[in-house]
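Read the structure below first, then the notes.
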Amino acid sequence: MTPFDWVKQITVEKREWGSFTEEEQSNFNPFIINKSLSFNKEYIQVVEMAMTYPMPPQKLYEFYRDVIPKKPIWNKWVKGQVNYDEEELKFISEYFECSQRESKDIVTLLDSQEKGIILSELKGVEDKPKKKKKNDKK
């Protein structure tokens with residue numbers, strides 16, 4: 001079972017712990033379940049209480065199953081940090097005349113074709129003045 005399946009069991013289906021196979025029970029990860037439930041502001045205090053008094057997985061599941069009301073929930077899942085191409089951010093911020101912090105938001109909205117057009121326009125403009133002159137020793 002995935003952590004999302006466990007949250008569904010806690011919030012909607014509410015099966016007894018003994019009805020799960022040993023393999024399913026071994027997939028119960030208290031850290032991930034706590035994290036997932038804590039994304040819902042209605043359950044923050046419940047999760048905090050559960051974390052204050054560490055319990056084995058079975059007791060934690062039963063606690064959540066009994067305390068959390070039976071209703072489906074949909075929480076946003078926070079994902080890891082995105083690594084941005086610094087050169088790309090520089091070009092995007094130059095193109096849109098904004099800060100690099102703002103360009104991170106813009107980059108997420110652009111598809112690869114739009115990024116390519118912007119980068120080719122800016123690189124094309126930058127490449128033209130870089131032609132060497134005969135007297136230039138660089």
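- In this structure, the salt bridge (Lys or Arg N to Asp or Glu O under 4.0 Å) partners of Lys71, at least two apart in sequence or on a different chain, are Glu42.
- For Glu16, the salt bridge (Lys or Arg N to Asp or Glu O under 4.0 Å) partners are Arg65, not counting sequence neighbours.
- Going from atom CG of Asn27 over to atom CZ of Phe20 covers 11.0 Å, rounded to the nearest 0.5 Å.
- Sorted by first and then second residue, the side chain to side chain donor-acceptor pair (under 3.5 Å) pairs with a member in residues 44-61 read Gln58-Glu62; sequence neighbours excluded.
- When side chains are defined from C-beta on, Val46 counts as touching Phe63, because their heavy atoms get closer than 4.5 Å.
- In this structure, Leu37 CG and Ile32 CD1 are separated by 11.5 Å, a value rounded to the nearest 0.5 Å.
- Neither Met49 nor Ile44 shares a network with the other; the hydrophobic side chains, linked directly or stepwise wherever heavy atoms of I, L, V, M, F, W or Y lie under 4.5 Å apart, form separate groups for each.
- Atom CE of Met55 sits in a crowded spot, with more than 12 heavy atoms from other residues, nucleotides or ligands closer than 6.0 Å.
- Atom CD1 of Ile92 and atom NZ of Lys90 lie 12.5 Å apart (nearest 0.5 Å).
- Taking CG from Asp85 and CZ from Phe91, the interatomic distance works out to 9.5 Å, rounded to the nearest 0.5 Å.
- Both Val7 and Val67 belong to a common hydrophobic cluster when Ile, Leu, Val, Met, Phe, Trp and Tyr are linked at side-chain heavy-atom distances under 4.5 angstrom.
- Each salt bridge (charged side-chain N to carboxylate O under 4.0 Å, His left out) pair with one or both residues in residues 1-15, not counting sequence neighbours, appears once here: Lys8-Glu13.
- Applying the ring pair (Phe, Tyr, Trp, His ring centres under 6.0 Å) rule to Tyr43 yields no partners; only residues at least two apart in sequence or on another chain are considered.
- The side-chain heavy atoms of Asn40 and Val47, taken from C-beta on, include no pair separated by under 4.5 Å.
- The distance from the CZ atom of Phe31 to the CE atom of Met51 is 8.0 Å, given to the nearest 0.5 Å.
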For side-chain contact (heavy atoms from CB on, under 4.5 Å), just list the numbers for Tyr64 and Asn34, CA-CA rounded to whole Å, side-chain angles, deciding distance to a tenth of an Å, and then say yes or no. CA-CA 10 Å; Tyr64 282 144; Asn34 289 337; 2.4 Å; yes

Identify all side-chain donor-acceptor contacts of residues 101-112 below 3.5 Å with residues at least two apart in sequence or on another chain.
from	atom 1	to	atom 2	distance (Å)
Glu102	OE1	Ser99	N	3.0
Glu102	OE1	Ser99	OG	3.3
Ser103	OG	Gln100	O	2.6
Thr108	OG1	Asp105	O	2.6
Asp111	OD1	Gln113	N	3.2
Asp111	OD1	Glu114	N	2.8

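- Expressed to the nearest 0.5 Å, how far CZ of Phe4 lies from CD1 of Ile33 amounts to 9.5 Å.
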